[in-house]
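Remember, predicted model here, so these are calculated numbers, not experimental data.
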Amino acid sequence: MPIFRRKSDQPDPGDVTRVSASPDISGLSGPIVVPPAAAAPEGEANGATPVPTRLSRLAAVVDRARPGRSSRNVRKWLEWIGMGLIVFGFVAILLGWYGASNSPYLYEEVPYLISGGLLGVALVIGGGVLVRSAWSMRQIEEERRNALAIVRSVDRLERILRSLDESRRSDQDEHAR
């Protein structure tokens with residue numbers, strides 16, 4: 001049973017194709033355009049829509065629904081806001097310490113420690129969470145880029161193996177004659 005044998009006119013169901021936003025982002029209204037290559041073959045039983053047609057319709061809807069990349073970078077915003085909160089947290093801690101250290105009475109020191117110290121610690125923790133979230137987003141972006149590169153490499157290797165297999169078969173067919 002040949003592994004790589006496939007009719008040339010059939011699309012490969014394992015092909016990875018990029019779905020990009022179309023330049024027309026007028027909204028979701030309008031007809032769904034199905035490419036002619038993915039049109040339903042004649043004589044379908046029970047009116048069932050084949051998978052390639054459904055996938056091409058889904059890709060067309062996604063293209064119209066997704067506007068282009070935004071100019072805002074959420075990860076950068078999270079980093080800057082998080083770092084700002086950390087700085088303000090340390091400033092609040094220092095101000096609370098300064099107020100408590102310059103007071104001779106305990107009942108005057110407690111409000112400084114509570115307002116400066118606890119607020120400062122909360123700001124530092126909140127800022128740390130935002131910076132960590134931005135860092136996690138960056139790791140996810142890098143992992144997605146790496147996974148896409150791996151998929152492209154495997155796809156290239158598969159195409160090379162198919163071409164080698166086809167050339168080997170054609171050589172065997174010529175030697176058999």
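Closest approach of Leu119 and Ser115 over heavy atoms only: CB-O, 2.9 Å. Across all their heavy atoms, Leu123 and Gly89 have their closest contact at CB-CA, 3.6 Å. Nearest heavy atom pair, residue Ala92 against residue Gly120, reads CB-CA, 3.9 Å.
Note: the hydrophobic cluster containing Leu85 also contains Met137 (ILVMFWY, side chain heavy atoms under 4.5 Å, direct or indirect links). Ile81 and Phe90 are members of different hydrophobic clusters when ILVMFWY side chains are connected at heavy-atom separations under 4.5 Å. No continuous path of ILVMFWY side-chain contacts below 4.5 Å connects Leu95 to Val124, so the two sit in separate hydrophobic clusters. Each of Ile86 and Val91 belongs to its own hydrophobic cluster when Ile, Leu, Val, Met, Phe, Trp and Tyr are linked at side-chain heavy-atom distances under 4.5 angstrom.
Residues satisfying the side chain to side chain contact (heavy atoms under 4.5 Å, CB included) test with Gln172, not counting sequence neighbours, are Arg168.
Taking CG from Leu164 and CG from Asp171, the interatomic distance works out to 10.5 Å, rounded to the nearest 0.5 Å. Annotation: the span from Asp155 atom CG to Ile150 atom CD1 amounts to 13.5 Å, rounded to 0.5 Å. Between the CG atom in Leu130 and the CD1 atom in Ile125 there is a gap of 12.5 Å [rounded to 0.5 Å].
Contact annotation: the side chain of Val131 never approaches that of Leu78 to less than 4.5 Å [non-hydrogen atoms, C-beta and beyond]. With a 4.5 Å cut-off on side-chain heavy atoms, Leu161 and Asp165 do not count as touching.
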Under the side-chain contact (heavy atoms from CB on, under 4.5 Å) rule, what do Arg57 and Thr53 come out as? Steps first, then yes or no, please.
-> CA-CA 6 Å; Arg57 287 176 48 201; Thr53 303; 4.2 Å; yes
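Ion pair Asp173/Arg169 not flagged as a salt bridge, since none of the NZ, NE, NH1 or NH2 atoms sits closer than 4.0 Å to an Asp/Glu carboxylate oxygen. Taking 4.0 Å as the cut-off between side-chain N and carboxylate O, Arg162 and Glu158 count as a salt-bridged pair.
Checked options Arg144, Arg145, Glu143, Gln139; the residue passing with Glu141 is Arg145 (criterion: side chain to side chain contact (heavy atoms under 4.5 Å, CB included)).
For residues 117-138, the salt bridge (charged side-chain N to carboxylate O under 4.0 Å, His left out) pairs, not counting sequence neighbours, are Arg138-Glu142. Counting only residues at least two apart or in different chains, side-chain hydrogen bond (donor to acceptor under 3.5 Å, both in side chains) contacts with residues 102-114 comprise Tyr98-Asn102, Ser103-Glu108.
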